[in-house]
Every structure is written in structure tokens, then in C-alpha cells.
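The block underneath contains the structure these notes are about, expressed in C-alpha cells.
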Amino acid sequence: MKMSRYFLHTLREAPAEAETASHQLLLRAACIDQLMAGSYTYQPLGWRVKRKVEEIVREEMDRAGGIEIHMPALQPLDIWEQSGRADALGETLFRLTDQRDRSLALGATHEEVVTKLVADHARSYRDLPLTLYQIQTKFRDEARPRGGLVRVREFTMKDAYSFDLDEAGLDVSYDAMFEAYKRIFARCGVPVIPVEADSGAIGGKDSREFMFVTEIGEDTIVRCDTCDYAANTEKAEFRRVPSPEAAAADREEVSTPDTKTIEALTALLGVTAAQTAKAVLYMSTDPHDESAPALPLFVVVRGDMQVNEIKIRNHLHGRGLRAMTESEAERYGIVAGYASPIGIDASVRVIADVAIEHASNLVAGANKAGTHFRNVNYGRDWRVQDGDIIDCANAEAGYGCPRCDGTLGTVRGIEMGHVFRLGRIYSEVFGARVLDEAGEQRTAVMGCYGIGVERIVSASVEANHDEKGIMWPASVAPFDVHLVGLGLGRDADLAADADALYAELTAAGLQVLFDDRDDSPGVKFNDADLIGLPLRVTVSSRNQKAGVVEVQARSASEATQIARAEVVAHLRDTHAAMLAPLR
RNA sequence: CGGGGUGUAGCUCAGCUUGGUAGAGCGCUGCGUUUGGGACGCAGAGGCCCACGGUUCGAAUCCGUGCACCCCGACCA
């Protein structure tokens, strides 16, 4: 491709809305262009990258036994109501009405459609195992798009869905996808770590996210410094450092005026946060029925811990959670700021973190303004219903690893892919059943496996750039070679040779971006660094006189002179060597 | 949805406090000179100053109401 005939307008300065390196560089290198929040045009260069990423994903899905299909983005709302996810996704699901007044949705994902497809056509155990996949646009009405391509409202996702006769079969399908994912990210130059994760609105168990570790990440990952335990903070477990066990002392009231926070309490009484009990008040709601009454919930964690609302929601089987209002608290006789699990109204469900059970002589509210209790002990002073002592606190840096003696630390990360063992949630709803060898009806066991294509593009830049620009991995670079012609306009001979070299390289199977513009060397070199193709070749009259051209890898600090006659073979070999580890 | 910030040329920004009808750098067009790391000169094109109301003789500037975009949080695959 000759740059003089291409659509490639680099920016010297990054637009003000871009903060992260990858977002700035993708804009400056004319890979993308923003239309509105969370909606981007792929310019020619970016589109080539995206297609290469998709091709790698496709190759690995095929290698793992997947079969590609294409499903509609426009879907009847009914199937979302059937699966219960119209409510689960809520506002995130784009809804629209057609001219006959039928309610439709734009596919936020495709479990419903694919399960219905398999339900309608698979009949025999011989049809399984089956893994179908798609690489398609998905729509989600994100409350807050962010980070350039990281969180957008219209995006490309590879989703694969496996159908097996039983759990053992699912294990095989799941493992095949897991391996394929490792290969995909490695080939795209994106380092990832698999972490344990919550399965969210999709449902299912045993879900793992592939995380790209970066300070710009929107998720927090908890990692052990000793073993390989890693989990999303939504899900992460941890070992509670046992509080010193002491004989239960007599409970006593203590006056604590204007002491409604743990900080104020520890300052006033000279105790540590871990010696206090923190009360957090919620109302739990029915996600499927807005008119259903919300139920009061009183959560108790140790004062040094934070409540993990996802763990609470999972304990409540997916019920919604919102903060209790002051008037609601009043209605249940709760004194805000001094709430106490002792003597609480029986209609209020109390849930406590496991750390509370064995902590002795805690400071807790007395449910009386300006008053706390000292020496509160679980079991003696108050109790929850059976089963309501649970892990409901956030793991944090410095806590103990749940698997070994190590200590947990936290890093930020971006979720690049997610694999779930779904089970029979959707196959039950849509009737995806086949007859087994014995002639019995069997409901398929499903897995689902998603990858965000744009996120790979972003992360690949985030992981591969320097102060001058992008350094594309050879596997996803928009072109293989950046051919820079210097002073072609005043040397017809040189121009002819540059054209010849362009043709030779192209004929040798390399994708060449030829800078034939009438610009100064500085402009051309800086654009080449910004665009970041893996190899740069410079032709100039100086080199021509010496019978050489100059070759420099984007990652190298110096150029090498290669004889003109040998340069095509040299580049072909060098490029092949760059690509080899990414195949 | 809560908190914070920003809207002036394709991009980065000044002008707004103290109202008088629009500027710089980069980019773009033409001509000339240059040519190995973002050259130089000359001449140009390009703006409903986010929108709508209001105040005023007069509004980019003051007041009000919206909208958009960015960041933090909530939510989220």
C-alpha cells in the first residue's frame, strides 16, 4: 500500500479525551476514531489489526474443534424473558420496537439464540460434543464506557458455546477452550493470567477470567505471593488472621457521642479496627418483580474489612441489593451510626462474616444514639440464623492466602476473556436435549467462552509500545514492512528502485506500507515509529550509491545495511523468524 | 445513577475575571527554497465560540436550563 494513496492521518498530539497510552496511540496512529462515547470507527490501519486478531482467534477456535456460525444481532425480547436475563441485564440490554410493535433486543450476547438453535436441531448423542462459536458485534448499553476500546457499547466478541452429554464431557470441552485461550493471547502479544471469577449475569460455576495485568485495569485481582492462587476481588477468598481468643468479658455500655464511623470509634476508644464490628445495612430486592417488597438485611463484618456485595448477592441466590434508606432503618428500629446486631428486630435478616464468629470482645453499636457496647461476643450476645455466617468480606492486600501460608497482594487488570462451566441453565430453559445410547432424554451440559476482540487490540498496544509509538507484535501488525523512501521526488532513478523493491517485497508475500510521500525524513521516521510496523526499510540516494538499503526492526536501537540484492530474502527470513514464536 | 472536570479551527490550546463581534502553534492548500529524525519563506482556506433561553445598545465573555465528552465511584461480560 502506498501511503500517498492511503487513508492514514496521524496526529502529532493526542486528543484530550484519551488518557491511557493505548488509547492515545491508537488515535494518534489513525487506527480508530471516536463517533460517540463507547462507539469507534476502525480506520484502515486499525481494521487490518482487528482482522488479524480475529483470524488468530478463528484459527485457534478451529484448532480446538470449534465450528463457526453467525447469529442475528436483532433478537426477539421473548427469548431474553424466557431465560430470565431481560431482568438480569436490565438497562444494559438495548431494547427497541419494530413497526409492528414487537419488542426486540440487540444481542448483548448469544446464549439464548445458540441454545435454541441446538435445541431445535440436535437430536442424538451422536451430535455431541459440539462447540459452536461466533465472532460478532454485541451491543451493551454501558452506564459508563471508558478507556478507549476497553469498555464500549458496540464491540466485537468471540463467543463459543459447548454442548456435552455430561460433566465429564464438559471438562474436556472446557479444557480445550482454556488451552486455546492461552495460545490466542500469547500469539497476540498480550500476557495474561487466569484468575478465579464470579460468573455474574451469565450464571454458572467455575468461571475463570483471563486478565491482562495493567495499572489502567478496571478490575482488582488478588494474587498470592507464594502459590499461584489468583482471583478477581469479586470472588477472592482469603484466610482470616484469627483474632486473639480471650475469655469473654462482661458486656458494658460506653458513651460514644458523634462516633458513627469505624475511624472515629477506634480513635475515641483506642482500639484497632479489627476489634470492632461494622454494620452495613441493605435492602434485598427481587430482580424479577419490582413490586415485590424489599427485605431488610443487616450485614456484620469486622471493622477492618469491607463488605463484598457480590458474595452477599450470591448467598441470596441473585437477589438485588441496595442501601437501606434512613426512613427504612427507622421503621425497623435501627439507630443509624449505632446499629447493633444485639436485640435487632426479628424481621431483619442478619448475615455475618466468618471472622466475626471467633472474634472476642468486640466493640459494636448499642442501637442507642451516642452509645456502643464493649466486649460483644458472637454466640453469647447475638446469633444469626443457621447458614448465615458466610464469607462476605473483600480480600485485600496483606491478608492470608486461602490456599497456602502466603500473603495476598493486589494488582489491577483488564478482563480479556472469560470461560464458564454453565451447566444446564440454558439447555433446560430452551429444551436442548438429545437421546443417549440407552434411548433416554439427556439435557446438554453447556460451557461458554468469550473473548473481547477490541480489548486484545488495546492490550496489545498497552503491552507493546515505547515513548515514540506502537510496537506491534508481528502477528497482528497492520503491515509487515514499512518501506521508507527518502527524497524520491528529486531522484527518478531512486524512485524507480523504491517502486521495484515495493513490488519485490509484495511478490515475496510481505505486506508492505510504502511511504512514497513527498515529506521530510523526520516526518517519515516519526510516523514509522508511531505506526510501529515490525520492520522498517529505508531507501535513499546515499544508500543506493553504496548498493544497500537500511533495515531496522521497530524494537532495535540501530539499523543494519543490507545489500540491495539480498534484502528481499533477508526481510522474508527476518519476518518469518519474528512470526515463528507467535504461531 | 452519585461526585469532579471540560466544551472556541482537523488536533493542542489562549481569549472569558473587567461584554465592543475571534486568536496562536501544529495540521491543510498554492508557489518557491530545502531533504537522514516532526525544515524555511511568502500567499491562502478553514469557526452558528456545544445548544436553547435570558440580561444588555451590544454576549465566546454575565445569568439560567439543557446536551455532549472525559475522569473517579456505583453498575457491568
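Not measured: the values here are computed from a predicted model. Throughout, a chain's letter reflects where its sequence line sits, starting with A, and its residues are numbered from 1. FYI, side chains are in, hydrogens and waters are out, and symmetry mates aren't considered; it's all heavy atoms of this structure.
Backbone-only contact: A:A16 has heavy atoms under 4.0 Å from sugar-phosphate atoms and none from a base. Residue contacts shown for A:E19 are limited to sugar-phosphate atoms, with no base heavy atom under 4.0 Å away. Across all strands, A:A37 comes closer than 4.0 Å only to sugar-phosphate atoms, never to a base (heavy-atom distances). The residue A:D527 sits close to a base: some heavy atom pair falls under 4.0 Å. At the heavy-atom level, A:G417 lies nowhere under 4.0 Å from the strands shown. Contacts of A:A18 with the nucleic acid, taken as non-hydrogen atoms under 4.0 Å apart, are absent. A:Q34 comes within 4.0 angstrom of sugar-phosphate atoms only, judged by non-hydrogen atoms across all strands, and of no base. Within 4.0 Å of A:E142, counting heavy atoms only, lies at least one base atom of the nucleic acid. Looking at heavy-atom distances under 4.0 Å, A:R28 makes contact with a base.
Here B:G37 presents its C1' atom at 13 Å from CZ of A:R554, a figure rounded to the nearest Å. Taking atom CG of residue A:D515 and atom P of nucleotide B:G38, one finds them 15 Å apart after rounding to whole Å. Between A:I312 atom CD1 and B:A74 atom P the separation is 16 Å, expressed in whole Å. Taking atom NZ of residue A:K524 and atom P of nucleotide B:G37, one finds them 14 Å apart after rounding to whole Å. Separating the CZ atom of A:R517 from the P atom of B:G38 is a distance of 15 Å, rounded to the nearest angstrom. Whole-Å rounding puts the A:H9 NE2 to B:G38 C1' distance at 17 Å. For the pair A:L11 CG and B:C26 C1', the computed distance is 11 Å after rounding to whole Å. The interatomic distance linking A:R151 (CZ) with B:C76 (C1') rounds to 5 Å, in whole Å.
Phosphate proximity of B:C76 to A:R85: absent, as no side-chain N or O sits under 4.0 Å from OP1 or OP2. Taking only side-chain nitrogens and oxygens, A:S540 never comes nearer than 4.0 Å to OP1 or OP2 of B:G36.
Remark: the separation of the P atoms in B:G23 and B:C63 is 25 Å, to the nearest Å. Here the separation of B:G64 from B:G5, taken at their P atoms, is 15 Å to the nearest Å. Only the C1' atoms considered, B:G25 is 15 Å distant from B:G15, to the nearest whole Å. Remark: the separation of the C1' atoms in B:G41 and B:C57 is 45 Å, to the nearest Å. Look at the P atom in both B:U65 and B:U21: the space between them is 29 Å, to the nearest Å. The gap from the C1' atom of B:U33 to that of B:U18 amounts to 47 Å, rounded to the nearest Å. B:A68 and B:C28: their P atoms are spaced 33 Å apart (whole Å). Comparing B:U12 with B:G27, their C1' atoms are spaced 11 Å from each other, to the whole Å.
A:R564 has a carboxylate O that lies under 4.0 Å from a charged side-chain N of A:D497, or vice versa, which qualifies the two as a salt bridge. Taking a cutoff of 4.0 Å between a charged side-chain nitrogen and a carboxylate oxygen, A:R12 and A:D527 do not qualify as a salt bridge. A salt bridge links A:K50 with A:E54; the closest basic N to acidic carboxylate O contact falls under 4.0 Å. A salt bridge is defined here as a Lys NZ or Arg NE, NH1 or NH2 lying under 4.0 Å from an Asp or Glu carboxylate O, and A:E454 with A:K138 fails to meet this definition.
Side-chain N/O atoms of A:E13 and base N/O atoms of B:G25 include a donor-acceptor pair closer than 3.5 Å. Contact annotation: side chain of A:D519 to base of B:G38, donor-acceptor pair absent below 3.5 Å. With hydrogens and angles left out, the side chain of A:R536 and the base of B:G37 share a donor-acceptor pair within 3.5 Å.
Base pairing analysis places B:C69 opposite B:G5; the two distances defining the Watson-Crick or G-U wobble pair are each below 3.5 Å. B:C48 makes up no base pair with any nucleotide shown, lacking Watson-Crick or G-U wobble contacts both under 3.5 Å. Base-pair partner of B:A39: B:U33 (Watson-Crick or G-U wobble, both distances under 3.5 Å). Nucleotide B:A24 forms a Watson-Crick or G-U wobble pair with B:U12, both donor-acceptor distances falling under 3.5 Å. B:U61 is unpaired under the criterion used here, namely a Watson-Crick or G-U wobble arrangement in which both key atom distances are under 3.5 Å. Figure legend. B:U18 is base-paired to no nucleotide; pairs are counted as Watson-Crick or G-U wobble with both atom distances under 3.5 Å.
In terms of position on RNA chain B, the residue among A:E209 and A:R153 whose nearest nucleotide sits closer to the 5' end is A:R153. Of the residues near RNA chain B, A:R144 and A:R542, the one whose nearest nucleotide (by heavy atom distance) lies more toward the 5' end is A:R542.
A stacked arrangement is assigned to A:F155 and the six-membered base ring of B:A77, with a centre-to-centre distance below 5.5 Å and an interplanar angle below 30°.
Closest contact between the side chain of A:M36 and the listed nucleotides B:U35, B:C69, B:G36 involves B:C69. Minimum atom distance to the side chain of A:M157 is reached by B:A77, of the listed B:C26, B:A77, B:U35. Nearest to the side chain of A:R412, among B:G36, B:G73, B:A77, sits B:G73. Across B:C69, B:G38, B:C76, the shortest atom-to-atom separation from the side chain of A:E17 is found for B:C69. Of the candidates B:A39, B:G36, B:A74, the closest approach to any side-chain atom of A:A143 belongs to B:A74. Out of B:G37, B:C70, B:A74, the shortest distance to the side chain of A:R146 is found at B:A74. Side chain of A:R12, nearest nucleotide from B:G36, B:C76, B:G27: B:G27.
Separating the CD atom in A:Q24 from the OG1 atom in A:T20 is a distance of 7.0 Å, to the nearest 0.5 Å. Of the inter-residue distances, the one linking A:L77 atom CG with A:Q82 atom CD reads 11.5 Å to the nearest 0.5 angstrom.
The shortest heavy-atom contact between A:K311 and A:A393 is NZ-O, 2.8 Å.
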Q: For salt bridge (Lys or Arg N to Asp or Glu O under 4.0 Å), just list the numbers for A:D466 and A:K468, CA-CA rounded to whole Å, side-chain angles, deciding distance to a tenth of an Å, and then say yes or no.
A: CA-CA 5 Å; A:D466 63 14; A:K468 292 178 180 167; 6.0 Å; no

Q: Go through A:E60 and A:R183 one step at a time and tell me if the salt bridge (Lys or Arg N to Asp or Glu O under 4.0 Å) criterion holds.
A: CA-CA 7 Å; A:E60 294 302 330; A:R183 292 181 54 87; 2.8 Å; yes

